[in-house]
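Side chains are part of it too, since the values below use all heavy atoms of this structure and drop only hydrogens, waters and symmetry mates.
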Amino acid sequence: MSTLVLALIAGAAIGTALGALGGGGSVLAVPALIYLLGFSPASATTAALIIVAATSAIALYAHARDGDVAWRTGTLFALAGIGPAFLAGTAAGRLPAAMLTGAFSVVAALAALRMLRPAGSEPAGRVRPAKAAGAGAGLGAVTGFLGVGGGFLAVPALVGVVGLRMKQAVGTSLLVISVNSLAALAARTGAGGDELRWEVIAPFAGAAILGAWDGKRLASRITGQALQRVFAFVLLAVAAVMLIDVVV
């Protein structure tokens, strides 16, 4: 199968996950770029940030049009993560490839296990600014270090820590992902050293953007819990493959 076809298929799948779940697709972008398309870990994390930033911005528009974005809370959450994302993005370019891959696999596995936990009732309390800022800073560091938008962690944080309802958390996470991805990308671009294959990144991103629209429609037909469980099992499999690759 040609590189272009693989890029289109992977991009469509990742965009669908972003559109449907408000995150998660980005955590699959890095292994797809490494194992399917032959990117190095450092280049894959940078390319993933480009793809995720573009896709999340488009998906954000679709959710905002339906009134499902908490702009004030999302902005606070995102701004708190800019500094940590920038610093972690700069540091990540100096780390060994095996360390990046191993760290990524562990975070992916933890995120998958978190998704498989039974969902509690959605809180209806007040948004807590201090907790929003703290959670946003932590998410920004993960984004910069691992080259993922962080939506698979942002949605649980926005629901459980900040106090948003699930539907709002999905839309708001896309705002957070967009800002964090751009901050981390700015750090990596300034550091230099990554060889980016735009002939692969461009079709990958284009397919992901189209997939995000399909994911938004899919979310209205299938329960979020069912989508989340399928994604969690896929994520566990990916984490296992990457961890084995590091060990072996």
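To the nearest 0.5 Å, the span separating CG on Leu79 from CD1 on Ile82 amounts to 5.0 Å. Rounded to the nearest 0.5 Å, atoms OG (Ser43) and CD1 (Ile34) are 9.5 Å apart. The line from OG of Ser56 to CG of Leu182 is 9.0 Å long, rounded to the nearest 0.5 Å.
In terms of modelled atom types and a separation under 3.5 Å, the side chain of Thr55 and the main chain of Val52 share no donor-acceptor contact. Here the side chain of Ser181 pairs no donor or acceptor atom with the backbone of Ser178 at under 3.5 angstrom. Not a single donor-acceptor pair under 3.5 Å links the side chain of Thr16 to the backbone N or O of Ala212. At distances below 3.5 Å, not a single donor-acceptor pair connects side-chain atoms of Arg65 with backbone N or O atoms of Leu60.
Taking 4.5 Å as the limit, every side-chain heavy atom of Glu199 sits out of range of all side-chain heavy atoms of Thr3. With a 4.5 Å cut-off on side-chain heavy atoms, Trp71 and Leu76 do not count as touching. Taking the side chain as every heavy atom from C-beta outward, Leu37 and Phe204 approach each other to under 4.5 Å. Using a 4.5 Å heavy-atom threshold, the side chains of Leu158 and Phe77 count as touching.
Under the 4.5 Å side-chain heavy-atom criterion for Ile, Leu, Val, Met, Phe, Trp and Tyr, Leu175 and Ile209 are members of distinct hydrophobic clusters. Under a hydrophobic-cluster definition in which Ile, Leu, Val, Met, Phe, Trp and Tyr are linked whenever side-chain heavy atoms come within less than 4.5 Å, directly or via other members, Ile201 and Leu49 are assigned to the same cluster. Using a 4.5 Å cut-off between side-chain heavy atoms of Ile, Leu, Val, Met, Phe, Trp and Tyr, with links allowed through other members, Val5 and Leu210 fall into different hydrophobic clusters. Following chains of ILVMFWY side-chain contacts shorter than 4.5 Å, one can reach Val200 starting from Tyr35, so the two form part of one hydrophobic cluster. Neither Ile58 nor Val176 shares a network with the other; the hydrophobic side chains, linked directly or stepwise wherever heavy atoms of I, L, V, M, F, W or Y lie under 4.5 Å apart, form separate groups for each.
When all heavy atoms of Ala133 and Ala80 are compared, the closest pair comes out as O-CB, 3.2 Å. What you find for Ala47 and Phe39 is that their closest heavy atoms are CB-CE2, 3.9 Å. Of all heavy-atom pairs spanning Gly102 and Ser105, the tightest one is O-OG, 2.7 Å. Closest approach of Ala70 to Thr172, counting heavy atoms only: N-OG1, 2.9 Å.
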May I have the step-by-step check of side-chain contact (heavy atoms from CB on, under 4.5 Å) for Gln168 and Thr73, ending in yes or no? CA-CA 10 Å; Gln168 271 194 319; Thr73 300; over 6 Å; no
Leu174 vs His63, test: side-chain contact (heavy atoms from CB on, under 4.5 Å). Steps then yes/no. CA-CA 9 Å; Leu174 292 166; His63 284 265; 3.3 Å; yes
